[in-house]
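Structure record follows, encoded as structure tokens.
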Number of protein chains: 2
Amino acid sequence: MEPGSRKERERAERRRAIITAARDIAESEGWPAVTTRRLAQSIEYSQPVIYGHFANMQAIVAAVAIEGIVELTVHLRRARLAAAPENIPDAVAWAYLDFARAHPALFDAMFTLPNGLDFGGPDAPVELVDAFGELIEAFAPLAKGEDQETYVEMAWSAIHGQTVLGMSGRLRPQVAAERMAMLVRVLKRE
Amino acid sequence: MEPGSRKERERAERRRAIITAARDIAESEGWPAVTTRRLAQSIEYSQPVIYGHFANMQAIVAAVAIEGIVELTVHLRRARLAAAPENIPDAVAWAYLDFARAHPALFDAMFTLPNGLDFGGPDAPVELVDAFGELIEAFAPLAKGEDQETYVEMAWSAIHGQTVLGMSGRLRPQVAAERMAMLVRVLKRE
DNA sequence: TCGTAGATCTAGCGATGCTAGGATCCGGGC
DNA sequence: GCCCGGATCCTAGCATCGCTAGATCTACGA
């Protein structure tokens with residue numbers, strides 16, 4: 001099937017429709033409601049058509065996760081570029097938490113559900129590398145003498161941990177702001 | 001059924017057998033292999049018997065999670081008591097990571113799988129409160145002027161984040177040791 | 001010894017992810 | 001214009017899941 005043909009376009013559209021439907025259903029009703037039959041109904045095709053686009057359910061989660069990572073990257077970048085240089089770590093940390101709160105199902109696809117994505121491995125998708133690059137921009141300046149990449153991993157996981165524990169109700173919500181500010185202060189080592 | 005009777009004891013034994021079977025299967029084959037039919041086979045009863053002990057599958061995950069939390073608590077306490085005072089934060093942080101690595105399925109039950117446990121809420125199980133108490137013992141001394149409880153939440157979530165991202169292959173494993181050491185250094189604010 | 005209450009099992013319901021095999025449609029050669 | 005072959009799509013079904021209803025069987029007290 002030559003690229004750019006009508007069939008090719010329709011096929012790509014259908015793939016997008018599946019991903020979008022999965023996102024929408026997951027955000028509104030939770031991931032357990034995202035079933036192959038439900039997706040088929042959303043795109044107005046029969047169930048096996050789904051398997052013409054994705055090998056299995058996990059591949060759909062992975063596709064949504066990739067989309068989420070891309071959006072998270074632009075969200076972080078926007079926050080970084082809008083902030084005064086000395087406020088970049090705060091702004092990006094907050095943007096991370098904001099994103100997770102605004103798109104919990106997307107966040108689940110990225111970090112909680114099994115999605116089969118190879119993050120650290122040799123053939124990690126570019127989207128993942130880009131996202132980490134954005135974190136480097138934000139937090140590498142705080143590394144001081146330490147190894148930058150390691151420092152950024154450390155900072156990211158600290159922010160991530162606070163995000164996931166907070167979102168799952170394991171931390172006191174009323175001090176969320178002060179807790180995140182405290183983390184950034186500690187990371188800045190002022 | 002009066003407590004202490006033979007029937008009561010047998011019932012309690014069976015409950016324990018279910019929890020143990022769930023743990024064992026989850027550790028050796030992953031949580032998806034833990035099905036009600038499989039558990040029934042393990043305890044040599046028919047499947048509906050499971051529902052005489054647990055309302056649903058999630059309640060079994062919760063029971064395993066509680067068990068895991070208790071074990072994590074003693075693991076952290078042991079590490080704390082064995083360490084020199086100035087090394088307590090390092091020792092406890094490492095113990096946390098060690099525990100997750102040694103019992104990944106247990107850790108999943110506690111933090112990744114839906115278990116319905118109310119962590120932060122008013123009627124959180126005592127086991128959860130005890131576990132957090134252990135974290136307070138370890139990290140509150142680092143709070144300096146800051147609010148202690150908030151500081152401990154911050155430190156815990158940072159360690160937790162590094163643990164979960166590391167275990168799911170999202171951080172470089174070869175620098176795991178230096179990364180955790182770096183976090184503790186930052187938390188100590190030396 | 002017998003009747004009843006509780007314990008346990010068999011069987012089944014409505015779902016799930018996923019697949020096989022038949023129908024249908026569409027495009028290119030005569 | 002027709003016909004044929006391949007791609008595309010659907011119906012139907014398999015095995016398995018969590019969970020439950022109803023029958024059966026066991027054990028204990030009157």
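Nothing here was measured: the structure is a model prediction, and the numbers come from that model. Order of the sequence lines fixes the chain letters, A, B, ..., with proteins taken first and strands second; residue numbering starts at 1 for each chain.
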Length of the CD1-P vector between Ile60(A) and dC18(C), whole Å: 8 Å
Arg189(B), CZ: over 12 other non-hydrogen atoms inside 6.0 angstrom: yes
Approximate separation, where rounding is to 0.5 Å, of Ile66(A) CD1 and Asn115(A) CG: 8.0 Å
Between the first and last five pairs of the helix from dT1(C)-dA30(D) to dC30(C)-dG1(D), the angle of the axes, rounded to 10 degrees: 30°
Residue among Arg15(B), Arg14(B), Arg16(B) satisfying side-chain hydrogen bond (donor to acceptor under 3.5 Å, both in side chains) with His53(B): Arg14(B)
Nearest-angstrom distance from the residue atom CD of Glu10(B) to P of dT8(C): 8 Å
Electrostatic pair Glu153(B)-Arg170(A), nearest N-O below 4.0 angstrom: no
Value in whole Å for how far the P atom of dC9(D) lies from CD1 of Ile18(A): 11 Å
Atom pair distance, as rounded to whole Å: CZ in Arg15(B) and P in dA7(C): 16 Å
OP1 or OP2 of dT8(C) under 4.0 Å from side-chain N/O of Arg14(B): yes
Between OG1 on residue Thr36(B) and CE on residue Met57(B), distance to nearest 0.5 Å: 7.0 Å
d(NE2, His53(B); P, dA7(C)) in whole Å: 10 Å
Heavy-atom neighbours of Glu10(B) CD exceed 12 at 6.0 Å: yes
Shortest side-chain distance from Pro48(B), nucleotide among dA11(C), dC10(D), dC19(D): dA11(C)
CA sep, side-chain torsions, deciding dist, call: Arg185(B), Glu146(A), salt bridge (charged side-chain N to carboxylate O under 4.0 Å, His left out): CA-CA 11 Å; Arg185(B) 270 199 310 273; Glu146(A) 313 265 12; 2.8 Å; yes
Options dT8(C), dC10(D), dG18(D), nucleotide nearest the side-chain atoms of Tyr45(A): dC10(D)
Lys/Arg-Asp/Glu bridge criterion (N-O < 4.0 Å) met for Glu29(B), Arg38(B): yes
Geometric class of the His160(B)/Tyr96(B) ring pair [parallel <30°, tilted 30-60°, perpendicular >60°]: perpendicular
Rounded distance in Å - CD (Gln58(B)) to P (dG18(D)): 13 Å
Length of the line joining Trp31(A):CH2 and dT16(C):C1', which is rounded to integer Å: 16 Å
Whole-Å gap separating P (dG6(C)) and CZ (Arg11(B)): 13 Å
Could you list the protein-to-nucleotides 12-15 of chain C atom pairs, N/O on both sides, closer than 3.5 Å?
| unit_1 | atom_1 | unit_2 | atom_2 | d |
| --- | --- | --- | --- | --- |
| dG12(C) | O6 | Arg37(B) | NH2 | 3.3 |

